[in-house]
Amino acid sequence: MSLSDALKEGSAAEHDAAEQSPFLTELLAGRVGASGYADYLLRLRVVYAALEEAVRARRHDPAVAAVYDPALERLAAIDADLDHWAPGGGHVVESSAAQAYRDRLAGITWGPALVAHHYTRYLGDLSGGQAMGRILDREFGLGGAGLAFYDFPMRVKPYKDAYRARLDGMGLDAEEVGRAVDEVKVAFGLNQAVFDELAQSLPAYRR
Ligand code: HEM
């Protein structure tokens with residue numbers, strides 16, 4: 001099986017679970033206030049800082065080089081959004097889920113494992129993430145403000161197709177594809193843990 005199909009199929013159950021996580025469903029139903037969304041962004045900030053640092057450091061690894069693209073980087077967009085959602089805030093958070101995610105990223109030494117994390121976040125942001133941005137815009141009446149995170153400078157559909165082709169051009173053998181799938185499951189699990197952590201505060205976030 002191609003790497004792109006293996007990553008998608010290997011994370012399908014985890015994807016369904018993420019879509020049903022209470023924090024996300026409540027957020028997209030318009031029932032989470034600005035402090036809840038800011039707390040989500042603060043965790044994403046930890047994750048993307050670590051992801052983007054790890055990817056940049058390993059961009060000459062052949063697997064990482066295949067997907068490396070500074071145009072995807074989200075850290076500056078997250079900071080801009082935090083200025084909107086939590087003005088005057090310090091952009092720092094105590095989060096064991098975000099720290100565990102960061103530690104996993106920092107410890108990766110095998111390029112395709114890092115690609116599995118790259119795929120989980122950026123292809124998700126370019127897929128369901130695009131719908132999320134539109135829903136948040138509507139639910140909060142934002143007129144596009146505070147949503148830089150969802151705003152990518154490329155045409156999404158052709159980019160995703162080309163991304164999958166670059167995954168498949170990496171030339172991983174079956175054993176390596178299996179190891180990459182193991183890591184994509186880990187990546188989804190780390191995202192789920194962030195949502196679970198946020199769900200604990202849903203009563204406080206209610207709007
Ligand atoms: C409410 C939450 C979500 C919705 C509604 C959603 C929806 C979708 C949809 C419709 C697609 C398919 C798009 C396409 O084929 O072009 C997709 C793909 C994807 N999503 Fe999500 N998603 C959600 C949450 C997440 C989360 C939390 C993650 C991971 C952190 C994620 C990661 C991905 C990835 C990696 C893909 C690409 C699959 C592939 O084509 O290989 N999604 N999502």
Side-chain angles (χ1 to χ4, degrees), residues 1-32 36-37 39-52 54-55 66-67 69 72 74-75 77-78 95 97-98 100-102 104-105 112-140 147 149-150 152 154-170 172 177 180-199 202 205:
M1 194 193 283
S2 70
L3 178 60
S4 64
D5 284 341
L7 291 176
K8 183 170 190 159
E9 287 188 21
S11 59
E14 289 79 359
H15 187 272
D16 284 356
E19 275 190 65
Q20 285 158 31
S21 73
F23 179 77
L24 268 187
T25 55
E26 289 299 289
L27 176 67
L28 295 177
R31 290 193 286 266
V32 170
Y37 189 65
D39 279 359
Y40 176 45
L41 282 174
L42 286 169
R43 285 159 176 78
L44 287 181
R45 191 182 191 286
V46 174
V47 171
Y48 281 83
L51 176 62
E52 291 170 1
V55 167
V67 296
D69 182 356
L72 290 171
R74 298 288 89 195
L75 193 57
I78 291 170
S95 159
Y101 202 152
R102 181 186 63 198
R104 182 75 183 192
L105 287 163
L114 191 53
V115 170
H117 284 272
H118 191 277
Y119 161 87
T120 301
R121 283 304 335 176
Y122 295 117
L123 223 57
D125 297 335
L126 291 168
S127 302
Q130 296 299 295
M132 261 187 81
R134 286 191 294 273
I135 294 168
L136 290 172
D137 199 12
R138 191 186 65 218
E139 291 293 343
F140 286 90
L147 297 173
F149 179 72
Y150 305 98
F152 285 91
M154 62 281 274
R155 282 171 57 230
V156 166
K157 172 76 171 82
Y159 192 90
K160 289 198 297 186
D161 291 343
Y163 185 99
R164 292 189 188 99
R166 285 185 276 145
L167 289 177
D168 296 340
M170 258 175 224
L172 299 193
V177 168
V181 169
D182 288 344
E183 193 66 22
V184 90
K185 291 176 192 285
V186 170
F188 270 84
L190 292 165
N191 280 282
Q192 189 66 59
V194 169
F195 295 134
D196 290 347
E197 187 180 79
L198 288 162
L202 272 174
Y205 294 149

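Read the numbers this way: they start at 1 and go in the same order the structure lists the ligands and their atoms.
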I'd like to know if the side chain of Glu14 reaches the main chain of Gly189, judged simply by a donor and an acceptor atom lying under 3.5 Å from each other, with no hydrogens or angles considered.
no

Step-by-step salt bridge (Lys or Arg N to Asp or Glu O under 4.0 Å) determination, Glu183 to Arg104
CA-CA 10 Å; Glu183 193 66 22; Arg104 182 75 183 192; 2.8 Å; yes

Residue, atom name and distance, where the atom is the protein heavy atom closest to atom 40 (O) of ligand 1
Arg164 NH2, 2.7 Å

Which ligand 1 atoms are under 4.0 Å away from a heavy-atom of Lys160?
13 (C), 14 (C), 16 (O)

Going by an N to O cut-off under 4.0 Å, is there a salt bridge joining Asp168 and Arg164?
no

Side chains of Tyr205 and Asp39, donor plus acceptor under 3.5 Å:
yes

Interfacing atoms of ligand 1 (cut-off 4.0 Å, heavy-atom, Leu24):
1 (C), 2 (C)

Just to confirm my output: which protein heavy-atom neighbour is closest to atom 41 (O) of ligand 1, and how far is it?
Tyr119 OH, 2.5 Å

What's the shortest distance from atom 15 (O) of ligand 1 to any protein heavy atom, and which residue and atom give it?
Lys8 NZ, 3.8 Å

Do any N/O atoms on Thr120 end up under 3.5 angstrom from N/O atoms on ligand 1?
no

Ligand-side contact atoms (ligand 1) for residue partner Arg121, heavy atom cut-off under 4.0 Å
30 (C)

Distance below 2.8 Å from atom 21 (Fe) of ligand 1: how many protein N/O/S atoms qualify?
1

Cationic N near anionic O, under 4.0 Å, Arg43 to Glu197:
yes

Distance filter under 4.0 Å to Phe195 heavy atoms, resulting ligand 1 atoms
27 (C)

Between the side chains of Asp69 and Tyr122, is a donor N or O closer than 3.5 angstrom to an acceptor N or O?
no

Measure across Val32 and Tyr37 and return the closest heavy-atom pair with its distance rounded to 0.1 Å.
CG1-N, 4.0 Å

Would a distance-only check, ignoring hydrogens and angles, find a side-chain to backbone donor-acceptor pair under 3.5 Å from Tyr163 to Tyr119?
yes

Against the six-membered ring of Phe152, is Arg74 placed for a cation-pi contact (under 6.0 Å from the centre, within 45° of the normal)?
yes

With heavy atoms and a 4.0 Å threshold, my read on which part of Phe188 contacts ligand 1 is side chain

Does the protein place a non-hydrogen atom closer than 4.0 angstrom to atom 10 (C) of ligand 1?
no

With side-chain hydrogen bond (donor to acceptor under 3.5 Å, both in side chains) as the rule and sequence neighbours excluded, what pairs involving residues 184-196 come up?
Tyr101-Asn191, Arg121-Asn191, Gln192-Asp196

Is it true that Asp137 and Arg134 have a side-chain N and a carboxylate O under 4.0 angstrom from each other?
no

Closest approach of Val67 and His118, non-hydrogen atoms and distance?
O-CE1, 3.4 Å

Using heavy atoms and a threshold below 4.0 Å, how should the contact between Leu28 and ligand 1 be classified: side chain, backbone, both, or neither?
side chain

Relative to the heavy atoms of Asn191, which atoms of ligand 1 are at a distance of less than 4.0 Å?
30 (C)

